[in-house]
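Atoms within a ligand are numbered from 1 in the order they appear, just like the ligands themselves. Note that the structure is a prediction, hence the values are computed from the model and not measured. These numbers come from the heavy atoms of this one structure, side chains and all, not from hydrogens, waters or symmetry mates.
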Amino acid sequence: MTSRVPALEEIRRAPKVLLHDHLDGGLRPATIAELADAHGYTGLPESEPGALGRWFRDASDSGSLERYLETFTHTVAVMQTPEALYRVARECAEDLAADGVVYAEVRYAPEQHLVQDMTLEAVVEAVNAGFDDGGREHGVQVRSLLTAMRHQARSREIAELAVRYRDHGVAGFDIAGAEAGNPPTRHLDAFEYLQRENAHFTIHAGEAFGLPSIWQAIQWCGADRLGHGVRIIDDIGEDGAKLGRLADYVRDKRIPLEMCPTSNVQTGAARSIAAHPIGLLTRLRFRVTVNTDNRLMSGTSLSEEFAHLVEAFGYGWSDLRWFTLNAMKSAFLHFDERLALIDDVIKPGFTALEEAADRG
Ligand SMILES: O=c1[nH]cnc2c1ncn2[C@H]1C[C@H](O)[C@@H](CO)O1
Ligand SMILES: [Zn+2]
């Protein structure tokens, strides 16, 4: 039986799409502990997996993006060999499939995995192999997005890497890291290169910094999607009464917003889930998608993010279907492939759940 108000266990069965999830933010605590042991990494704050998982969640609850990002030191430290990357990617595919995700774009920064002298190509190939094997075994399609760190200067090189592997598991490019003080226009060269190559990219913007960051990401850099984009709310009047020109543009052009509610509460981009701009942006019919950002740091999954929204905003099956279709339409996958997933997997899956809910 399926209920009218979607319950967590039912949401898990729905065929979901995830566009914003960090590979180095989604490791299993037990895997971190084992890899640290195997590679002689002694910097972990806790050794027992349960305590380690709690440590990541608590340390990420500071209200500051900069502090939140410090926790990645530990995950990146144990992801420095092809075997470790392969394992983490394979387990990521397994965990997403267990949560009912049918298509995912998972991102990471290859430049952060060179400590033990892997080449950038070796990093990409190890991760791709893990996604391929895990995805095939558990029934989920996982593509990667290559991220360049916005405070570093390797974005052009990483953009070239993304283009080189575009037909081999890499769906696109992204920039991430501390937003304040590192505007996307620092990486204009990379974005112009990607546009000349007809390649796709998203930019973390409007998370820890406001409208200028979103405006640059779209109008100077040409981003296809916005990572977070929550601060677009600053261009919208009380209760959605009046949209400014940038908000109008984002909505009119159907620019996808990769929203990550729990992560935003942890970094202080939103006060609570109930106060999260996703409620208003959904009412105004922006192209909203729901995402996890970092499952480890937030102790979450895509199903749990949906369940939080159901609780806070009273969403029903038709809303969850709408978020999912928005995400699939916004994926960096060819049109025919997106359509096939929508027609053959997503619509039938949601219809079955909705019909069961109607039968009560
Ligand atoms: O929410 C985020 N905002 C900005 N940067 C982030 C966020 N989550 C993860 N990152 C960074 C830390 C990771 O090491 C890097 C690549 O996945 O991306
Ligand atoms: Zn992110």
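- The shortest N or O to N or O distance between Ser263 and ligand 1 is not below 3.5 Å.
- The heavy atom nearest to atom 15 (C) of ligand 1, out of those in Glu258, His204, Met149, is found in Met149.
- Inter-residue side-chain proximity for Phe332 and Thr202 is flagged as met; some heavy-atom pair is nearer than 4.5 Å.
- The ligand atoms of ligand 1 that sit less than 4.0 angstrom from a heavy atom of Tyr108 are 17 (O).
- A cation-pi contact, defined as under 6.0 Å to the ring centre and within 45° of the axis, links Arg285 to Trp322.
- At a 4.0 Å heavy-atom cut-off, ligand 1 touches Leu69 through the side chain alone.
- Annotation: angle subtended at the Zn ion (ligand 2) by His20 NE2 and Asp293 OD1 is 80°, to 10°.
- For His228, a nitrogen or oxygen atom sits less than 3.5 Å from a nitrogen or oxygen atom of ligand 1, counting backbone and side chain alike.
- The proximity of Asn294 to ligand 1, defined as any non-hydrogen pair under 4.0 Å, is limited to the side chain.
- No part of Thr267 comes within 4.0 Å of ligand 1, judged by heavy-atom distances.
- Residue His22 has at least one N or O atom closer than 3.5 Å to an N or O atom of ligand 1.
- Between His22 and His204, the ring planes lie tilted relative to each other; the angle falls in the 30° to 60° range.
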- Query: Can Glu125 and Tyr165 be said to form a side-chain hydrogen bond (donor to acceptor under 3.5 Å, both in side chains), step by step?
  - Reply: CA-CA 9 Å; Glu125 287 170 23; Tyr165 283 90; 2.4 Å; yes
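- Ring planes of His187 and Phe191: perpendicular class, angle over 60° (limits at 30 and 60°).
- Distances from atom 13 (C) of ligand 1 to the heavy atoms of Asp24, Val106, Leu145 show the closest one on Asp24.
- Residues His276 and His308 place their aromatic rings such that the two centres sit no closer than 6.0 Å.
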Identify each donor-acceptor pair in which a side-chain atom of residues 338-353 lies under 3.5 Å from a protein atom, sequence neighbours left out, and give them as a table.
| from | atom 1 | to | atom 2 | distance (Å) |
| --- | --- | --- | --- | --- |
| Arg338 | NE | Leu333 | O | 2.8 |
| Arg338 | NH1 | Lys329 | O | 2.9 |
| Arg338 | NH2 | Leu333 | O | 3.4 |
| Thr351 | OG1 | Arg321 | NH2 | 3.3 |
| Thr351 | OG1 | Lys347 | O | 2.7 |

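- Against a heavy-atom cut-off of under 4.0 Å, Gly177 is close to the following atoms of ligand 1: 4 (C), 5 (N).
- There is a side-chain donor-acceptor pair under 3.5 Å between Arg90 and Tyr86.
- Of all the heavy atoms of Glu207, the ones lying under 4.0 Å from any atom of ligand 1 belong exclusively to the side chain.
- For His204, the N/O/S atom at the shortest distance from the Zn ion (ligand 2) is named NE2.
- For Phe306 and Tyr315, the ring centers sit 6.0 Å or farther from each other.
- When distances to the Zn ion (ligand 2) are checked against a cut-off of 2.8 Å, His22 contributes an N, O or S atom below that limit.
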